[in-house]
Structures are given as structure tokens and as C-alpha cells.
Number of protein chains: 2
Amino acid sequence: MPITLKEIAKQAGISISSVSLVLNNKPNRISEQTKELIKKIAEENQYRPNTIARSLVTRQTKTLGLIIPDIENIFFSKLAKILEIEVRKEGYTLIIVNSNDKFSEDLLLIDLLISRGVDGLFLAISNESYLHEEELVEKLTKLPIPFVMIDRILESFECNKVYFDNITGAYLATKYLLEQGHRKISCVCNTYISKNSLSRINGYKKAMDEYKIKVPKEYIIPANYRVEGGYLAGEQILKTDCTAIFVCNDMMTLGVIKKFYECGIHVPDDYSIVSYDNLLSDFLFGIKLSSVDQDINELGISSWKVLKDCLVSDDQKRESIPQDICLSPKLIIR
Amino acid sequence: MPITLKEIAKQAGISISSVSLVLNNKPNRISEQTKELIKKIAEENQYRPNTIARSLVTRQTKTLGLIIPDIENIFFSKLAKILEIEVRKEGYTLIIVNSNDKFSEDLLLIDLLISRGVDGLFLAISNESYLHEEELVEKLTKLPIPFVMIDRILESFECNKVYFDNITGAYLATKYLLEQGHRKISCVCNTYISKNSLSRINGYKKAMDEYKIKVPKEYIIPANYRVEGGYLAGEQILKTDCTAIFVCNDMMTLGVIKKFYECGIHVPDDYSIVSYDNLLSDFLFGIKLSSVDQDINELGISSWKVLKDCLVSDDQKRESIPQDICLSPKLIIR
DNA sequence: CAGAGATGATAAAACGTTTTATCAACGTGG
DNA sequence: CCACGTTGATAAAACGTTTTATCATCTCTG
């Protein structure tokens, strides 16, 4: 059992208050002599303050929660990493939890973290939660702590949010293919529930519109956002007459290329592809893949800045208007 | 501010004790009527126990710590995921922190988590920590809570540990290449500090020994464990006359293949490769890569079982002998 | 109707901190 | 020598729980 303030006080023959004051460098009028004695005893016994007890009275745990849909997804593990680094610089600890892209888990984990006494929350909601927007908004509205939505946001809900401009990203990607001379461009995208994917489709359509190209129905190919989805999408693509493809994320791109490879079809000789996420540079050989890059570090750093603002003074917490930060993706041409 | 036991008690006109007893389903002799009243008030006000306060008296936080070297590394993010799922089933919360493969961070994070009051610790140490084994052992020996070392273990230190048999893994891989008729087999491995890598080299040598093959010095090619390392190793390989390669992890394999690709060399036509980790199936096209598979789920589940044993009864905690669990990897042939 | 047992509930200490108001003792200036 | 400022330090409440020993009150039973 670790040593407590009480025991230090006893050993030094003084009061608990004095020990606390000195060890926390709080303004006090303890003599230099006593100070040194206290510090010596604390040092010798490896005193570590009991964070639990401290939290009970200060009403803050210096702990933050992060809810992500899938820690195995490199996008989110990168996000978790940068957030962990950043918040720790400020003396906070991050609790990372996985919702497994389930709405019910989002709800449950919010409660769990609140009950754990986190001071604030980073929230990248599951895709499933978009099907229960109302319920989620109700929950978030009565949250007793500040929070910021990351990447997966609710457009119509006013709250702190940091995210990427998916429309522009997709627009840039599609426009690049158009500028390369392509006119028959298909789009592989998760059309089921992912809001971000829908935005990407809109960006794609916007670019096509500008070139007065009417998009045939079969050019928009739905797929889940995993490799298998891309693989299946690859089959569909072959049935169209397109010459270029905009794929809405890297995992699906892998699937598409895999299918193509098996069919003896080469990228970029037979098809031009622009992907999304720019996370594949280590994995593809000989295939120079252009991709829309989202600066995850910036996403993390901005999110922390937003949340930190809410944390500094709980007086303002209530009044301060929520921040809405939209980051611009870049097209990386290879 | 959330509702407390005290307030429920006041509203119901009874004592705090009664409320606590009822809400925790502790053996009590409160009348059904009162019980219902308490539950109703708690429900209506969305009572959530203050975990902080509870922890202060029960002396357990139902929180565990996990220290990993790199959350971006898919091996560790998979591990984190399975652990998080498993411990949550038992009502625990996992705090995941990153050491960035730094010894100093290992030390610091241990203190951080202890001070956070975690009940137990999962520890996958940084490679750098192997250079400071003595110091680390000293720290771990005086840890006030149970812990289990995962994957990255200290061989000569008696403590709970769950890990893979790296010698056998490498042995199987090398033997497979030998059985395929190869005799000139090189080995790409991190020889600097990674203990697991050294074991793999030993497994490799063991297989070569069995076939009475003397391994030329230049066949053992040192590399860091990242893609760049593999890329550089690729250059070295080309200077040898080997026909097959055992690469000690998947990231380096990617690097090797990348280098080869740039040189117009084909796998497996020009070189046979067996890799380690079996994490690349989604990323390689047309290259059927045999690889040593480590069951990360089993690693996580076993580790949790070991730690859980220490958590159940703190009477035994001191006396129980540490568990040493060695898992066997499998060779996946493609 | 006395004593015993059952029933329903509670008082109070404890966990380890933080923080503010208060206290005693000691100069010092007028 | 009185009043006052300074110095060094502390007492005590508070945070929200858990848990055990204890307390009334009631109801049987012989």
C-alpha cells in the first residue's frame, strides 16, 4: 500500500494540510525548513498522490474519453495515437474505447465513460448511429460534460465538431480524372448509411455536373467499406464501359485492384483510379495511386484544441458557442 | 450535476445506507415497498453511481491499463481490440497507452496508470526496454498491482507472461523452405535489440543446423522492423546468392517485395519468401505469401485469463505463482 | 406477559484528498 | 504596553460512496 498524505504528516509531525499545500506547490506560508522535510519524506517513500481521492474533491479526473468505431482501422488508430500524445502533454489521460460501429455501443460507452468521470469526450460515432440520429442527439444534448464530434458528425446538430470536407475531397478527385481526359468515370461508394460517403458521392456528382456529364445509374456502385466490398464492386465495374474510377476509400480500392489483378486487368493501364485516405503508399508496388489525403494529425490536434477550450473554465462552458471546424483534404497525385 | 445517493435518500425520506444497499442488490432487509420507491426515484433521475467515490472505498477501480509500443502497428491494435472486448465483458474498462517504443515512456506510463488507480496491468514493453532490463525488473518487482507481460517478455524475470514461441515459428518457416528444396536461405531480421527477433534467428539457425547447412554471415541481414528496413534489406539480399528468404515480419516483407518489384524481380518466381505475422493477405495481389501466423485473439484471451486470476482474490495475490504461457504459432502455407 | 427472534432500517466510520477560514505566537511602531 | 501586521501552520468540512454493527419495533411462544 502506497504512502498517504496522512502518514507523511505523521512522520513529519505536522498537519495533513501543510503536506498537501507543499507537495502541490500551492501558495502557503510554510517555512523552508518544513518544506524540505516534507519533500524529503515524500521522496523517500515514493509518494504518489491518490488520483481517485483527489478527483472526488476537485471534481475533475484529468481523464478524457475517446469513442471510435474500429481501432483496427488505421484511420482511427492514427487518430487515437495523435490524440493520446496531445492530451498527455497537458496532463490528461485518454481512455480509448471501441464501438464496433454499433449504435447501442455508442450509447453504452458514453454512459460508461461518464460514470468513469471523464472530463470530456471525443466522439467518432458509428455509422449505425446515423439511423438513430434523434435518439443520439437527445443523449448528447443532456451530456453533463463537454464533447467534440470527430470526422463522423451530425450535420444538423449544433455542437463542437471537427471534420473533413468530403464534398471537396471527392470533387477534387473526380475533377482530376476529368482533367486527365476521362469522361466515363464510375464511383465506388458506401451508399448504405455512411454520411461521409454520401458527401463524397455528392462531390463526385458536382464535378461531373460541371463537365455537363450525366452520370448513368450503373456508374454509382455501392459497396461496404471493406476490402471484400471493393472486390465485389470490381465485378460490377467490369460490366460498365467506364475508363476511370473514383473509389471512396482505400480498403475498397485494395479490393477492386485485387479483383482486377485476378482478371489480368492492370491499373493504371486499363483503368485510372483515384482513391481516398492516402494510406496505401506502403502497400502497393508499382501502382502509383493518386489519393485524397486527409491530415489526421490536424484532425486530432484541432479536436483537442476545441475540447481544451471547453475544459479551461467551466464558467464559460455553458455559454460558449460550439465550434464547427471543417478541414480541407488535399489530392495527392502520383 | 448528476443525482447522488444522498439526494435519492432525501427524496425517499430514508437513509443513504438503504439506498446504497438496494441499488447494489446487496443482502438487506428493506421492504419491497421501499425498494421499489428507491428504484423508481433512481430510474427517473437517471442515477449513475459515482465510480470515483466508490473506488475510494472499495479500493478498486475496475479499470485496467494496457501499455503497447505502437497502436498503429496492426499487431498491437488487434491485441488492444480483443483485450478491450474481453475485459469489458467482465465490467472492466481498459486504458490504452502508447510507449512509442521508448523505455522512458514505459517507466512513466506505469507510474501514470498506477496513479490512475488501475487494478492491473497488461504490459507489452518497448524494444528499448531490453537495454534497461535491470532497471525495469526493479520497477516491476515493486509494483503494487498484478500485471502480465504480453508478447514482449523478459525471459529471466519470473512473472506472469503470455507470449509466442518465436523459435518454433521461425523453425517451421525455415524448415518449410528447406523441404521445398532450398538450401541457400537468407534471413532478414532486426538484430539490434528485439528479443523476439533474436529468437527467430535462433529458430532459423536451428532448422539450418538440422540440415547441416552452415549459414554464411551475409545471409543474416539486419534491418529495422519497418517497411524501409525491408527495402534496404532487399538491396543486401541481391548481393547474395540465396534462393529463398525468411523475413522476420510482414512490414519488412513489404519492403523487400517493394525493392524487388522496382528491380523487376518477381516473388515467388525469383525468390521464395516466408514471412511472419500473416497480416498481409488483404494487401498482396497475386503473391501467395506463406507466413507464420500468431493467434492474437488467443494471446489476448490468455493474458486476460491470467490477469483475472490475480484479480479475483487479493488474499492469494501475493502467494500465487506466476503463470508462464507460451503459445505456438502456425505456419500458413500459400 | 416476559423473553426471544424476526423485521426494517440506520448511524457512523472510512477511503485520501483539497481548501478556506482561523488560530497562536511573535515582533514592532507609536 | 496596546494594537496590529506578519509568520507559520492547522482544523475541519467536503466529495459520494460502502459496510458493519446497532437500534427500535413488532410478533410470537410458552
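Both backbone and side-chain heavy atoms feed into the values below; hydrogens, waters and symmetry mates do not. Numbers restart at 1 for each chain; the letters A, B, ... are given by sequence-line order, proteins then strands.
The nearest pair of heavy atoms linking A/Asp70 to A/Asn98 is CA-OD1, 3.3 Å.
Within residues 28-41 of chain A, no residue places a heavy atom under 4.0 Å from DNA chain C.
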Atom pairs, protein N/O to nucleotides 16-20 of chain C N/O, distance under 3.5 Å:
from, atom 1, to, atom 2, distance (Å)
C/dG16, OP1, B/Arg59, NH1, 3.0
C/dG16, OP1, B/Arg59, NH2, 3.2
C/dG16, N2, A/Ala53, O, 3.3
C/dT17, OP1, A/Tyr47, OH, 3.1
C/dT17, OP1, A/Asn50, N, 3.4
C/dT17, OP2, A/Leu5, N, 2.8
C/dT17, O5', A/Tyr47, OH, 3.1
C/dT18, OP1, A/Asn24, ND2, 3.3
C/dT18, OP1, A/Arg54, NE, 2.7
C/dT18, OP1, A/Arg54, NH2, 3.1
C/dT18, OP2, A/Ser20, OG, 2.6
C/dT18, OP2, A/Asn24, ND2, 2.9
C/dT19, OP2, A/Lys26, NZ, 2.4

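A/Ile153 places none of its side-chain heavy atoms less than 4.5 Å from the side chain of A/Val162.
Between the side chain of A/Lys195 and the backbone N or O of A/Leu154, no donor-acceptor pair lies under 3.5 Å. Listed for the A/Lys308 side chain is no donor-acceptor partner under 3.5 Å among the backbone atoms of A/Val87.
Ion pairing between A/Lys39 and A/Glu43 fails under the 4.0 Å rule for side-chain N and carboxylate O. In this structure, A/Glu44 pairs ionically with A/Lys40, as a charged nitrogen and a carboxylate oxygen lie closer than 4.0 Å.
Residue B/Glu72 places its CD atom among more than 12 non-hydrogen atoms of other residues, nucleotides or ligands, all under 6.0 Å distant.
By the 30° and 60° cut-offs, the orientation of the rings of B/Phe103 relative to B/His132 is parallel. Using cut-offs of 30° and 60° for the angle between ring planes, the A/Phe147 and A/Phe157 rings count as parallel.
Separation of atoms CZ (A/Phe75) and CG (A/Leu299) is listed at 5.5 Å; rounding is to 0.5 Å.
Note on the helix from C/dC1-D/dG30 to C/dG30-D/dC1: angle between the axes of the first and last five pairs equals 70°, rounded to 10 degrees.
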